[in-house]
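Each chain gets a letter, A, B and so on, in the order its sequence line appears, and its residues count up from 1.
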Number of protein chains: 2
Amino acid sequence: MKDKSKTISQSIAYRLEQMILDGSLPPEKKLPSERQLAERLGVSRSVVREALRELAGRGIVETIHGRGSFAKKVIEEIGETSPLMELYNTHARTLYDLYEVRALLEGEAAALAAENGTQEEHYAITKAFKEMEAVPAPANFALDYTFHLRIVEASHNPVLVHLLASLKSPLLKSVVTSLSNLVHRETFREHIERHHKQIYNAIISRNAVWARKSAATHVKYVSDALQNLEASDQPVIRDFSIEL
Amino acid sequence: MKDKSKTISQSIAYRLEQMILDGSLPPEKKLPSERQLAERLGVSRSVVREALRELAGRGIVETIHGRGSFAKKVIEEIGETSPLMELYNTHARTLYDLYEVRALLEGEAAALAAENGTQEEHYAITKAFKEMEAVPAPANFALDYTFHLRIVEASHNPVLVHLLASLKSPLLKSVVTSLSNLVHRETFREHIERHHKQIYNAIISRNAVWARKSAATHVKYVSDALQNLEASDQPVIRDFSIEL
DNA sequence: ACACATCAACTGGTCCTACCACGAGAGAAG
DNA sequence: CTTCTCTCGTGGTAGGACCAGTTGATGTGT
């Protein structure tokens, strides 16, 4: 239905490209070995190699001898040393600028995930949600991030996926920031958990409008809470060194 | 001296590319068979095939089953080969995904520019707007982009600025695409100019809600128009080589 | 002599298997 | 705990066998 009159290796190249774009294959992360791909796709290793060559020629993947093949990041990721990161570390307002954009993008992602998400993706979201719920508050920042990531992936919008991927570093940092500062306050924790549940339910029930509103409100709430916190007395802790 | 730390197939690809470019292998002419190349270059047929694949991925050669490989006429190699641009050259949908995100970001930028823009920035926007208005439709794509850029800069949100900057190349291309395809239709041109005027007025009068709505509607309109155009009959022209 | 079918000899496409070269991690040696 | 080594997984190359289109020469029937 889709492999119209093409050579097998070209079909494979197309499928791989599709996976990379949709985020099914995480950007800048190692993708399966040639032998694994060959077996999984039911073709010989040769065609896999030729497909990878073609994608390499287009600059979509990069393969390194002895290590493997990697999907090249579509949009430059913001590293720890980027100018934006500098701003973020020095200027308080940038944090809220980030939340502002985040509210937009995550809202859209949630809406699209509700509309276009496949059953598998909704299951992945469910899984991430339950895992996040299971772990007590302070230690689940990684799961929190994963939950949001699954939603974005289910949006089926490559531009959105890669844009949010490029914000990974500051985003992660912001998640840690919010959780560290707010989580020990019972009220905030309940709010956040309730928001997550709202977002989750909206997406699963495919209510796009509700999903967008919930996600945007959630981010906005966290941002406002941080801002109030900082305005009142306690300084917002910003500096963390984490890996994921 | 030449094959520094490269894989053999990459060297072969490079050598073939050079031969094609300097005319040793006449364009649009059949080049030696894979088996002949393998023997003449003293390598296995596998590496020859992979080299050809890589060149095929870059659009330099084209191989046809049963006939042979052909050097394609090199039109323009200059164009920015950003991975993101690669995608939506091959995947039509990505273009509309881009517009979807663009509608979000530009809407927010317009709203923020209305709220937070300084007088100087509003003047810069005014200047860009008048310049864009002055030039007849087909030739002002650069001014169109500048107009939108000024608005984003006036938003005072570094994250927004950075994200839209990272989308610059594909964004530029999309602007060119839309103008090239739609500008000769009187109806579309009038719509677009009216939209621009609405956005401009909303920002200058500091009406954030109106600004967001106008900008988002504008982008959405262009996207829909392109989609209708493509769905109906005429193919959307996507290929352009421009600098700015 | 012409038109047509046939077939043989190209071409690229796929598969396979063995082997080499490089890199990373586990485990032994200090 | 550090360092070295060695194994194992990875991509890279080789060469053979066979399949699948394309082409053109050959041959046959009219």
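- Proximity of a side-chain donor or acceptor of H191(A) to a complementary backbone N or O of H218(A) within less than 3.5 Å is not detected.
- The residue E39(B) sits apart from the nucleic acid: no heavy atom pair falls under 4.0 Å.
- Reading DNA chain C from its 5' end, the first and the last nucleotide to sit under 4.0 Å from a heavy atom of chain B are dT11(C) to dT14(C).
- At a threshold of 4.0 angstrom between heavy atoms, the contacts of E62(B) with the nucleic acid are absent.
- With hydrogens and angles disregarded, no donor-acceptor distance shorter than 3.5 Å links the side chain of S223(B) to the backbone of V219(B).
- A salt bridge is absent between R35(B) and E39(B): the closest approach of a Lys/Arg side-chain nitrogen to an acidic carboxylate oxygen does not fall below 4.0 angstrom.
- You won't find any donor-acceptor pair under 3.5 Å spanning the side chain of R35(A) and the base of dG9(D), going by distance alone.
- In this structure, H65(B) atom NE2 and dC18(D) atom C1' are separated by 12 Å, rounded to whole Å.
- With rounding to whole Å, R67(B) atom CZ is found 10 Å from dT23(D) atom C1'.
- The closest side-chain heavy-atom distance from V101(B) to E108(A) is not below 4.5 Å.
- Residues from residues 44-53 of chain B lying near DNA chain D, meaning a heavy-atom separation below 4.0 Å, are S44(B), R45(B), S46(B), V47(B) in numerical order.
- For the pair E153(A) and R150(A), the salt-bridge criterion is met [side-chain N within less than 4.0 Å of a carboxylate O].
- One interatomic measurement links the two molecules: CD of E34(B) to P of dA17(D), which rounds to 18 Å at whole-angstrom precision.
- The existence of a salt bridge linking R189(A) and E193(A) is confirmed by a sub-4.0 Å separation between a basic side-chain nitrogen and an acidic carboxylate oxygen.
- Checked by atom type, the side-chain pair T7(B)/Q10(B) shows no donor-acceptor distance below 3.5 Å.
- Protein atom CD of Q10(A) is 17 Å distant from nucleotide atom P of dA20(D), rounded to whole Å.
- Ring orientation note: the planes of F129(A) and Y200(A) are close to parallel, at an angle under 30° on the 30°/60° scale.
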